[in-house]
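Accompanying notes for the structure given below.
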There are 2 protein chains.
Amino acid sequence: MLYKNNLENMLFEKGLSKTVKKGTILQREGDTQLKSFAVTKGLLRSYIIDAKGKEHIFMFAPEDWIVGDLYGKALKQPTRLFIDALEDSEILEINPEVEITNELALKGLEKAIRRAAMLQNRVLMLMSATAWERYQYFIEIYPDLYNRVPQKMIASYLGITPQALSRIRGEWARSKK
Amino acid sequence: MLYKNNLENMLFEKGLSKTVKKGTILQREGDTQLKSFAVTKGLLRSYIIDAKGKEHIFMFAPEDWIVGDLYGKALKQPTRLFIDALEDSEILEINPEVEITNELALKGLEKAIRRAAMLQNRVLMLMSATAWERYQYFIEIYPDLYNRVPQKMIASYLGITPQALSRIRGEWARSKK
DNA sequence: CCTATGCATTCACCTAGGTTAACAAATACA
DNA sequence: TGTATTTGTTAACCTAGGTGAATGCATAGG
């Protein structure tokens, strides 16, 4: 595969276009050697498991998305995030060895700000939106995913139970007739 | 005032160390000319007002913090965030004219990633923590703020009502005796 | 000094969403 | 193909936290 430009050429390990089977775990909680992945085909997700053993999906990464633990990276701490494949996928591992030159930084800065922006929005959403509004939001962000991942995972992403999501969808279908 | 290093020297408008009175609104929803502020003394906050007219505090910015709307900046959109002063404060406005050179980007990248990391953590917290756990978290992040801002603002930051916070604090005091 | 406004607390409710469980449908797998 | 596991749905209950209102205190401004 050929890369679009020099930036990507440098950031990704050439030739490391891995194919991973559905269910493969690429990173687990506690890992210290943090990895980031760019998805070229398929679907990854990252999630945490809380103190009560419950899974919370932090993000989905379909084609053209990047997953990784910025928090662990910034603070040089072991990660809390698991990353696994929800579908057979084709991914590029981001090269951890590449030195961040000034030139790379400028391009990376834009991406980092964009990522922060997305997160800011998600925080505002989580603070003020009802379950139903969150569902709408999910559909906006991932328009092609709502019939591609199981409902219980959507629920986990929204921070509600699968039953609540089912209830909401039922009410919606009924009200709209 | 003297700046610590060249980066700050460039980023902040020299001589623009403004003093603002408690209550001053520095930015409002809908503003298109987005501003960021570094707080050298006092306390700012940023918040949104949702569809139902309810205030949600997005962040506090005591001494040495920076506030601004990354989301609006990244997407070149009018902001949803208000920024105002909770105390008489001394602030530096970040120069919007400064051109981001490669060298600046490298230093900015670290800050941006750190900001994203903080937000990532907040998202995980909002998805999995109870009101009480959030309160603990608030105290960790802003140890000097919990008797400096009114409870109702802490509640707004946590995403709960002042009554709920009062109830929780009451139970805690009682249980611990 | 008096009055007004804002804040914290408490109480009696209400409600969105969680929990548990049963069952049906879909999917995986042997 | 048949069996087992995973999913989605529904329903009966439970609970954390919201709402609204009353009360007491503190602070601000005249």
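Throughout, a chain's letter reflects where its sequence line sits, starting with A, and its residues are numbered from 1.
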What is the distance from [atom1] of [X] to [atom2] of [N], rounded to the nearest Å?
X        : N      : atom1 : atom2 : answer
A:Asp50  : C:dG18 : CG    : C1'   : 14 Å
B:Leu165 : D:dT19 : CG    : P     : 15 Å
B:Glu55  : C:dG6  : CD    : C1'   : 14 Å
A:Arg169 : D:dG8  : CZ    : C1'   : 9 Å
A:Leu86  : D:dT6  : CG    : P     : 16 Å

Please examine the side chains of [Y] and [X], heavy atoms only from C-beta on, and report whether any two atoms are closer than 4.5 Å.
X       : Y       : value
A:Phe37 : A:Ile66 : no
A:Gln27 : A:Thr79 : yes
A:Asp64 : A:Val39 : no

So for atom CZ, which belongs to B:Arg28, do other residues, nucleotides or ligands contribute more than 12 heavy atoms lying within a distance under 6.0 Å?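 For B:Arg28, atom CZ is not crowded (no more than 12 foreign heavy atoms under 6.0 Å).
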
In numerical order, the residues of residues 121-136 of chain B whose heavy atoms come under 4.0 Å of DNA chain C are none

Do B:Arg115 and A:Gln120 pass the side chain to side chain donor-acceptor pair (under 3.5 Å) test, and can you show the C-alpha distance, the side-chain angles, and the key distance before you say yes or no? CA-CA 10 Å; B:Arg115 172 74 75 107; A:Gln120 173 182 317; 5.4 Å; no

Cation-pi, B:Tyr157 ring and B:Arg122 (6.0 angstrom, 45 degrees):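 B:Arg122 over B:Tyr157 ring: yes.
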
Is a side-chain N or O of B:Arg134 found less than 3.5 angstrom from the main chain of B:Leu158, in a donor-acceptor match? yes

At under 4.0 Å between heavy atoms, which parts of nucleotides 19-30 of chain C does protein reach? Answer with one letter per nucleotide, 5' to 3': B base, S sugar-phosphate only, - none. BBB---------

Name every residue in residues 143-159 of chain A that has at least one heavy atom under 4.0 Å from any atom of DNA chain D, in order of residue number, or write none if there are no such residues.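 Those residues are A:Pro150, A:Gln151, A:Lys152.
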
As a test of understanding, state which of A:Arg45, A:Lys22, A:Arg148 forms a side chain to side chain donor-acceptor pair (under 3.5 Å) with A:Glu87.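 Running side chain to side chain donor-acceptor pair (under 3.5 Å) over A:Arg45, A:Lys22, A:Arg148 with A:Glu87 returns exactly one hit, A:Arg148.
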
Does a side-chain N-to-carboxylate-O contact under 4.0 Å join B:Arg114 and B:Glu110?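 Judged by the 4.0 Å cut-off on N to carboxylate O distance, B:Arg114 and B:Glu110 do form a salt bridge.
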
Centroid-centroid under 6.0 Å between A:Tyr146 and A:Tyr142 rings: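 Centroid separation for A:Tyr146 and A:Tyr142: 6.0 Å or greater.
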
Do B:Ser128 and A:Asp50 get their side chains close enough for a donor-acceptor pair, meaning under 3.5 Å? no

